[in-house]
Amino acid sequence: MTLRIGNLQLATNLLLAPIAGYCDVSFRLVVRSCGGVGLGCTDLLCPEGVLRETKRSLELVATCPEDSPLCMQLYGSDTDRLCEAARWAEDRGAHVIDINMGCPVDKVTKRDGGSKLLCDPDRTLRLVEKVRAVLRHTPLTAKLRLGWDDTSIVAPQLARRLEEAGVAAVTIHGRTTAMKFTGTARLEGIAAVVAAVRSIPVIGNGDVRTPQDAQHMIATTGCAGVMIGRAALSTPWLFRDTWSYLTTGTVPPEPTIEQKCQLMRDHFYNIIRFRNELIALMEFRKRVSWYARKMTPCRILRDQMRTINSVADFERVIGEFLAWRAVWDLKPKRGVMREIVESEWRP
Ligand SMILES: Cc1cc2nc3c(=O)[nH]c(=O)nc-3n(C[C@H](O)[C@H](O)[C@H](O)COP(=O)(O)O)c2cc1C
């Protein structure tokens, strides 16, 4: 069940996906604290930005010893810049360096980066060979989609050639670029990549929302690991659950409402630690809706969190929500308490 990427042995075969704007160090630490994460990853990084060490790039690569092991993901198509940025990431302590070959966003593909790399495999191979050659000890990986569209499914052949070029693992998101995030991830597409490579691990990705989804992906495709993205935003303990399910067949009890609130607190104070209070407040006005998905009924939490202006407001909203949930948990059947609960009363 464990996974090795080049010289790096991971504790589990579950990887936290890069999600630009969401999976920064503050959030990665929350997910890691729940357990089960084999590898975390930065958001995609622009080589020019990291080489100039712009404020934004340094925020994106921010990490700390507990945020380990960590993959740093680069995007772009300029070979020289990518080589320099890969060396920069290696010097900054990246445990794995990944090249993004899956981003469908115009801003990235118009400059021939992201999933545009799928459109010219020969050129992509030359680029990867050069980046591989400049790295001294850090494994290089690639994160792909199936192809640009249904008429150009290149992932199996490309993955095989990437392996020959020295890539230590590939992650395959089972969608084409044209699909963006619509439809469902195609397990048969992931299986074709697994069948195409000789011995490197293939990590399957797309639409894994439960431990059972992860097991189904592994069983159906033969992939060596699973990468999970969006579902982690509302369920940071999904890696813990999935690892338990894969290794013991059982899923631990769901965290209590107090534990879920503590995860929100940890996340909030991490943002203050790595950024600042204002950003934590702005971020949580949005992020609360992800956490709230696993905290139903949650209108009070959502509505109140959207108005926070200070750390004291943040703590007050959590305190009030917990007090209200304590009443709700009594599940009064009728009478005034029932009316209170139905009106989502606030203490
Ligand atoms: C808002 C958003 C941002 C993303 N940013 C990145 C990124 O920076 N790098 C990357 O390789 N993939 C990125 N992805 C794709 C995810 O890593 C993942 O491949 C995709 O969401 C499918 O997995 P999931 O269904 O588990 O979320 C992003 C996805 C979303 C929705």
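Numbering of ligands and ligand atoms starts at 1, following listing order.
Between D207 and ligand 1, at least one N/O pair is under 3.5 Å apart.
Close approach of ligand 1 to N100 (heavy-atom distance below 4.0 Å) involves ligand atoms 9 (N), 10 (C), 11 (O). Residue A17 approaches ligand 1 through these ligand atoms, each under 4.0 Å from one of its heavy atoms: 17 (O). With ligand atoms numbered from 1 in the order given, ligand 1 contributes 23 (O), 25 (O) to contacts under 4.0 Å with heavy atoms of G206. Of all atoms in ligand 1, listed by their number and element, those nearer than 4.0 Å to a heavy atom of F181 are 20 (C), 21 (O), 29 (C), 30 (C), 31 (C).
Using a 4.5 Å heavy-atom cutoff, the side chains of S26 and D24 are in contact. V226 has its side chain out of reach of N205: every pair of non-hydrogen atoms, C-beta onward, lies at least 4.5 Å apart.
By the 6.0 Å and 45° rule, R145 stacks over the aromatic ring of F181. Under the 6.0 Å distance and 45° angle rule, R240 does not count as a cation-pi partner of W243.
Of all protein heavy atoms, the one lying nearest to atom 1 (C) of ligand 1 is I19 CG2, 3.8 Å. In this structure, the protein non-hydrogen atom closest to atom 5 (N) of ligand 1 is A20 N, 2.9 Å.
Residue nearest to atom 16 (C) of ligand 1, selected from C103, G229, P18: P18 (by heavy-atom distance). Nearest-residue assignment for atom 23 (O) of ligand 1 (options T42, N205, L238, I228; heavy-atom criterion): N205. The nearest non-hydrogen atom to atom 15 (C) of ligand 1, considering only H173, K143, R230, comes from K143.
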List the steps and the verdict of ring pair (Phe, Tyr, Trp, His ring centres under 6.0 Å) for F27 and Y22. CA-CA 7 Å; F27 182 65; Y22 290 87; 8.4 Å; no
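Around atom CZ of R198, no more than 12 heavy atoms belonging to other residues, nucleotides or ligands sit under 6.0 Å away. Counting non-hydrogen atoms of other residues, nucleotides and ligands closer than 6.0 Å to CD of E164 gives a total above 12.
When heavy-atom distances to ligand 1 are checked against a 4.0 Å cut-off, Q73 comes that close only through its side chain, counted from C-beta outward.
Hydrophobic clustering of Ile, Leu, Val, Met, Phe, Trp and Tyr side chains at less than 4.5 Å, counting indirect connections, unites L246 with F239.
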